[in-house]
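Whatever order the structure lists them in is the order used to number ligands and atoms, beginning at 1. Given the structure is predicted, the values throughout are model-derived calculations rather than measurements.
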Amino acid sequence: MSNPNKIILQESEIPYKWYNIQADLPNPTLPPLHPGTKQPIGPEDLAPIFPMELIKQEVSMEKWIEIPDEVRDIYKIWRPTPLYRAYNLEKLLDTPAKIYYKYEGVSPSGSHKTNTAVAQAYYNKKEGVKRIATETGAGQWGSALSFSCNHFGIELEVFMVKVSYHQKPYRKTLMNVWNAKVIPSPSDLTDSGRKILAQDPNSPGSLGIAISEAIERAAGDPDTKYALGSVLNHVSLHQTIIGEEAILQMEKSGDYPDVVIGCFGGGSNFSGLAFPFLRHKIVDKKNIRFIASEPASCPKLTKGELKYDFGDTIGLTPLIPMYTLGHSFVPAAIHAGGLRYHGAGALVSQLLKDKLVEAEALPQLECFEAGVTFARAEGILPAPESTHAIASVIRQANLAKTEGKSKTILFNLSGHGYLDLGAYEDYFAGKLENYHISDEELKKHLKELDAFPTID
Ligand SMILES: *Cc1c(COP(=O)(O)O)cnc(C)c1O
């Protein structure tokens, strides 16, 4: 084979700017609303919980936002990340498709989340913040932010979804290594947690509940701010470094993607890879498909509705226009903890409404099978979240084979699975199930949103 297995950039080729897709959207996103007045919120409404620079980025219409030198310097620990051609997977699948993947598992905490964690910790530090409270699902975000806060000397309190706290004990240890305090959620430290425990003492927790707990901590203490690892515009913005590097790498490969795929929790790794290529689609009219791969047990994009909803379970956040399953929806305890979120970020929601991106829902067992197939072919063990992207890739590669057509597939391998071996153990032991949400259950949760302003 004459073509390289992996395409590596120099440190000097790390992009200097993040790409803000808000500048290029054919239709802008609707504004977040104050839950009381139902009026658009202003920066001052968010100031108690976020540093001002991040609030500015959240609403910015500037196309390019400069990456601070301090952030770019830390990025150099693991960036640029490699882009691989998955020759061995192509061979195993006997497909005419070319498969490329961008590997974000090389970051210190093992996923793409470090790209935004470093940036968020930096802006908090710059504005004198002493402490941050946050939530984490599987622990990927918690460990990314622990690494980043430790670097900048910020204290960190992490509310970790209880089911993951027990499924992934080593993630907690990793957070402790980087000096963070980890609390299983729901906890009795907050009103939000106590309220959930009163209703269900055995609650497995959810990202929505843990977010409520962390926001409550930040809102109740002037020295503490809050940080979110997905969903928000500024998080997707920071992640575009993935796609900007991938554009340079695809150029070097001599290929160009026909399909771009990412797994989908709240949307940050999908956006990170997809938004820069979406610029090519929106501005340069390139013909590319974008597929967001979500779990069948938490199918907000394929079965949810575009509604105003809370970002958390208790209702402490502004109302966000999002594809949602309803804020009280608690997903089944699948192992892809990072995908157990009831809603999708406003930007991806708008893009889905405008049919610029597509989504598909995948059952848990197909994803683990895809993850194991990938590991056997390519060596790297994917995070359970990332296996959803791989399952979609395999569907596309098999389709290419049936159609007898070659196409170029690019996907985001958002993280490695070496701290998720318990999940793979359960899979091999036959203990994992496919979960599907019933239409009745879904209707019940969506009914709660009838009181909020409608979106047409
Ligand atoms: C958190 C996480 C996800 C899901 O979050 P997004 O914001 O949708 O990217 C996916 N993959 C990994 C490895 C994660 O840690």
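Within the set S111, S230, S107, the minimum heavy-atom distance to atom 7 (O) of ligand 1 is found for S230. Among Q239, E104, K113, the residue whose heavy atom lies closest to atom 1 (C) of ligand 1 is K113.
For atom 4 (C) of ligand 1, the nearest non-hydrogen atom of the protein is G338 O, 3.5 Å. The protein non-hydrogen atom at the shortest distance from atom 11 (N) of ligand 1 is S414 OG, 2.7 Å. Closest to atom 8 (O) of ligand 1 among all protein heavy atoms lies G265 N, 2.7 Å.
Under 3.5 Å, the side chains of D309 and H327 contain a donor-acceptor pair of N or O atoms. Donor-acceptor pairing under 3.5 Å is lacking for the side chains of Q364 and S297. In this model, no donor atom of one side chain and acceptor atom of the other lie less than 3.5 Å apart for Y103 and N412. In this structure, a donor-acceptor pair under 3.5 Å is absent between the side chains of K63 and Q22.
Less than 4.0 angstrom separates some heavy atom of G415 from each of these atoms of ligand 1: 13 (C). Shown in contact with G267 at under 4.0 Å from a heavy atom are these atoms of ligand 1, numbered in order with element: 6 (P), 7 (O), 8 (O). Interface of C263 with ligand 1, defined as ligand atoms under 4.0 Å from a residue heavy atom, comprises 10 (C), 11 (N).
Within the 4.0 Å heavy-atom cutoff, H112 counts among the residues contacting ligand 1. Residue F264 places a heavy atom under 4.0 Å from ligand 1.
Each of Y122, Y19, W18 was evaluated against H238; a single residue qualifies, W18, per the ring-ring contact (aromatic ring centres under 6.0 Å, His included) test.
Counting non-hydrogen atoms of neighbouring residues, nucleotides and ligands closer than 6.0 angstrom, the CD atom of E62 reaches no more than 12 such neighbours.
In this structure, K281 fails the cation-pi test against F290, since its NZ or CZ atom is not both closer than 6.0 Å to the six-membered ring centre and inside 45 degrees of the ring normal. With a 6.0 Å cutoff to the six-membered ring centre and a 45° limit on the axis angle, R217 does not count as a cation-pi contact of Y226.
Residue-level proximity to ligand 1 for L339 is carried by the side chain, the only part with a heavy atom below 4.0 angstrom.
By the 3.5 Å distance cut-off applied to N or O atoms, S386 is not counted among the residues near ligand 1. By the 3.5 Å distance cut-off applied to N or O atoms, G266 is counted among the residues near ligand 1.
Under a 4.0 Å N-O distance rule, the pair R395/E360 qualifies as a salt bridge.
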